[in-house]
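Data block below; observations after.
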Amino acid sequence: MLIRKPGHVPPPSEITPEAIWQSRRNWLARAGMVAATAGLPAWAARHAYAQNAAPLPGRPSPQFSVMDKQTPYGDVTSYNNYYEFGVDKGDPADYAHKLQTRPWTVSVEGEVQRPQTFDIDTLLKLAALEDRVYRLRCVEGWSMVIPWVGYPLAALLKQVEPTGNAKYVEFTTVAQRENMPGLRYPVLDWPYVEALRLDEAMHPLTLLVFGLYGKVLPNQNGAPLRLAVPWKYGFKSAKSLVRIRLLEKQPTTSWMQAAAREYGFYANVNPDVPHPRWSQATERRIGEDGLFTPKRKTLMFNGYADQVASLYQGMDLKANY
Ligand SMILES: Nc1nc2c(c(=O)[nH]1)N[C@H]1C(S)=C(S)[C@@H](COP(=O)(O)O)O[C@H]1N2
Ligand SMILES: [Mo]
């Protein structure tokens, strides 16, 4: 397996702008090549792989869906952030076929009455699968609209009965040394860890995701299960979950540990709070990126303010970024 930039490991504080540059270049190059020829063999192979995903239908959930035009399947599955496979946007689609997604268990533990280890096939049947179209806004300044298949995380959390002490929920994602070339680089302190406040985790919008576009999740999108927390920057939506831990104290997440000043615990999408090194006021919608397409205005809480603003009543959103 080839890493494209051997020897060059940017410090975490520089990873994001670097990733943006790389992605722009890759994106333009790839788009050009696909238009000019029938497509690169590698691109075609990866595309075919994702297209062959098994069906996983959910029942439509219009009350939890946005009407925005959906990002094409090919873009959703080939332009990814999954740093365990590398920091270029094309790396996850190129390398994630090695991820072992069976057998797979998720342990749910900590401040709960009934700690339990769930097999993925049990989890799939725990609640009715829904088809929900969510916006995903990356902290880097791009966004997508993705039809996920899953059910509210609350359904799982209720099964284990959080104790009165539980205030936070920590999510640990898989680290398969043999299969994930990105783990060789100290971009983050692996495994990738994210967390939510308990009320955020229990919010009906917070989705435990098993599929997209009515099919099983492609590995590059976080198979066999990941989160979708649509009012927060994409990095909160952790992929390939193996452990969920309920805690009394706020845990430190991987991104806070890498650059606390830049990536806060809350990470709510907020056009009025710039990242220390760039504005968050606008975004580029993937699939709409013609050379002269104007950027979109980023919406407060990514457009979900009616549903979630009450969670943060009285909080200083600049201090709690
Ligand atoms: N384990 C893990 N989860 C992750 C990431 C990652 O690098 N590793 N990247 C995050 C970021 S920055 C984004 S924007 C979304 C991207 O999800 P997508 O590739 O399905 O669009 O996944 C998030 N979840
Ligand atoms: Mo992101």
Side-chain angles (χ1 to χ4, degrees), residues 1 27 30 34 38-61 64-65 68-86 88-106 118-136 138 143-153 173-174 176 179-182 192 207-230 234 237-242 286-287:
M1 210 57 51
W27 190 249
R30 192 172 293 155
V34 169
L40 289 173
W43 188 90
R46 141 163 39 97
H47 200 65
Y49 165 77
Q51 291 286 13
N52 288 334
L56 187 72
R59 70 167 140 74
S61 176
F64 287 106
S65 294
D68 305 28
K69 185 175 180 293
Q70 294 169 29
T71 305
Y73 186 79
D75 293 343
V76 173
T77 58
S78 67
Y79 187 91
N80 301 102
N81 274 341
Y82 196 159
Y83 280 7
E84 289 87 331
F85 291 104
D88 287 355
K89 291 292 179 283
D91 285 341
D94 283 344
Y95 303 123
H97 59 276
K98 289 193 77 180
L99 181 72
Q100 296 296 315
T101 59
R102 291 290 189 287
W104 192 281
T105 60
V106 181
F118 295 88
D119 187 78
I120 183 64
D121 296 313
T122 308
L123 278 178
L124 265 163
K125 285 177 268 171
L126 201 76
L129 293 174
E130 297 175 34
D131 193 340
R132 295 186 175 190
V133 185
Y134 281 178
R135 298 186 194 99
L136 182 147
C138 180
S143 61
M144 296 197 192
V145 180
I146 304 176
W148 300 117
V149 181
Y151 56 73
L153 176 66
T173 85
V174 83
Q176 293 178 4
N179 304 330
M180 298 175 127
Y192 190 108
L207 204 64
L208 196 57
V209 169
F210 302 88
L212 58 82
Y213 269 103
K215 302 181 199 194
V216 167
L217 268 183
N219 289 355
Q220 58 267 39
N221 294 95
L225 81 168
R226 56 91 57 85
L227 286 179
V229 192
S237 294
K239 293 176 170 179
S240 307
L241 306 174
V242 293
I286 299 298

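Any value given below was found using the heavy atoms of this structure, including those in side chains, with hydrogens, waters and symmetry copies removed. Note that the structure is predicted; figures quoted are calculated from it, not measured.
Ser78 and Ala93 get closest at one heavy-atom pair: CA-CB, 4.1 Å. Nearest heavy-atom pair across Ser237 and Ala228 is OG-CA, 3.5 Å. Across every non-hydrogen atom of Pro147 and Gln70, the tightest pair is CG-OE1, 3.3 Å. Annotation for Asn179 and Pro181: closest pair O-CD, 3.4 Å, computed over non-hydrogen atoms. When all heavy atoms of Leu56 and Val216 are compared, the pair lying nearest together is CB-N, 3.7 Å.
Between Arg102 and Pro224, the closest side-chain pair of non-hydrogen atoms falls below 4.5 Å. Between Thr101 and Leu217 there is no side-chain heavy-atom pair separated by less than 4.5 Å. No side-chain heavy atom of Glu130 sits under 4.5 Å from any side-chain heavy atom of Leu207. Within the 4.5 Å cutoff, no side-chain heavy atoms of Val106 are placed close to those of Val242. Counting only heavy atoms from C-beta outward, the side chains of Asp94 and Phe85 never approach each other to under 4.5 Å. Between Asn219 and Tyr82, every side-chain heavy-atom pair lies at or beyond the 4.5 Å cut-off. Side-chain atoms of Arg132 and Ser65, non-hydrogen and from C-beta on, do get closer than 4.5 Å to each other. Residues Tyr213 and Pro218 fail the side-chain proximity criterion, which asks for heavy atoms closer than 4.5 Å.
Rounding to the nearest 0.5 Å places NZ of Lys215 at 8.0 Å from CG of Asn52. The structure places CG of Leu225 at 8.5 Å from CG of Leu124, a figure rounded to the nearest 0.5 Å. The distance from the CG atom of Asn81 to the CG atom of Asn221 is 11.0 Å, given to the nearest 0.5 Å. Here the straight-line distance linking atom CD of Glu84 with atom CG of Leu99 works out to 9.5 Å at 0.5 Å rounding. The structure places CG of Leu136 at 9.0 Å from OG1 of Thr71, a figure rounded to the nearest 0.5 Å. The OH atom of Tyr83 sits 9.5 Å away from atom CG of Asp88, with the distance rounded to the nearest 0.5 Å.
With Gln176 contributing its side chain and Gln100 its backbone, the two residues share a donor-acceptor pair below 3.5 Å. In terms of modelled atom types and a separation under 3.5 Å, the side chain of Trp104 and the main chain of Leu241 share a donor-acceptor contact. When atom types are taken as modelled, the side chain of Lys239 and the backbone of Gln220 share a donor-acceptor pair closer than 3.5 angstrom. Checked by atom type and distance alone, the side chain of Asp119 pairs as donor or acceptor with a backbone atom of Asp121 at under 3.5 Å.
Between Tyr151 and Phe210, the two ring planes are tilted [angle within 30° to 60°].
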Determine whether Lys89 and Asn80 satisfy the following criterion, side chain to side chain donor-acceptor pair (under 3.5 Å), listing intermediate values before the conclusion.
CA-CA 5 Å; Lys89 291 292 179 283; Asn80 301 102; over 6 Å; no
